[in-house]
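All remarks here apply to the structure that follows.
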Amino acid sequence: MAMKRGFKMILGSQSMARKRIVDEMGYEFTVVTADIDEKAIRRDNPEDLVVAIAQAKADEIISKLGGQSQFAHDPLPTLLITADTVVVYKGVVREKPTTKDEARQFIKGYSGSHGGVVGSVLVSNLKTGVQRVGWDKAEVYFHEIPEKVIDDLIDDAVTFKVAGGLMLEHPLIAPFIDTVVGGVDTVMGLPKELTEKFISDVL
């Protein structure tokens, strides 16, 4: 487990975008992923949903690592970061698309329109058991997306690995983004400001 600034850090995500964001924040970390069925977790609103999924990921990873008691006597604290992101389109929560038809419907909906993104972050200090969790929101506005681009996006496996089939940094979609209101990092999967705040809070 990587060390920096007097603590170790685990990122509970295999998302390339989240790894890149934590890298940009200047932290060294190791990755441990959670094996949970996200679709089994349901909440009435997107904010509660992303918080519940981040918590479930943390619980599963802590259990996988042998329980919190494993860390209680470590000289340095280990911080675990888990997160979840959903897209909200016309009031409906969108997770990762599961079929090509669903992906097409998602992406066509954004064309000339906009989608909201709700992203959570949970920082757990595994030595003390202290946790901080919260969420952030952003809104992405799109130009018209041509059919050919939609076809190409649907042929790309990465579309099925991201909430709402929406990956801002994808070279095919980037030219059709009009504006982002809120943090681009929130859209990409990890709100930086909240993450930094919670790291300070739990130490």
Side-chain ([X]) to main-chain ([Y]) donor-acceptor, under 3.5 angstrom:
X    : Y    : answer
S111 : E144 : no
R43  : A52  : no
K161 : S15  : no
R18  : L190 : no
Y110 : F142 : no
K192 : I21  : no
T195 : P191 : yes
T186 : G119 : no
N125 : V130 : no
K57  : A83  : yes

Checklist line | Within one Ile-Leu-Val-Met-Phe-Trp-Tyr cluster: V118 and L194, side-chain cutoff 4.5 Å | finding: no
Check: Would you say the side chains of Q105 and D101 form a donor-acceptor pair under 3.5 Å?
Finding: no
Do [X] and [Y] have side chains that get closer than 4.5 Å, going by heavy atoms?
X    : Y    : answer
P77  : T128 : no
T78  : Q70  : no
K96  : K39  : no
H170 : D156 : yes
I107 : T159 : yes

Margin query: Tell me whether the count of non-hydrogen atoms from other residues, nucleotides or ligands lying under 6.0 Å of NZ in K19 goes above 12.
Written below: yes
Next item on the list: Decide yes or no on side-chain contact (heavy atoms from CB on, under 4.5 Å) for D185 and E24, but give the supporting numbers first.
Entry: CA-CA 11 Å; D185 45 326; E24 284 168 7; over 6 Å; no
Checklist line | Separation of L80 CG from I10 CD1 (nearest 0.5 Å) | finding: 6.0 Å
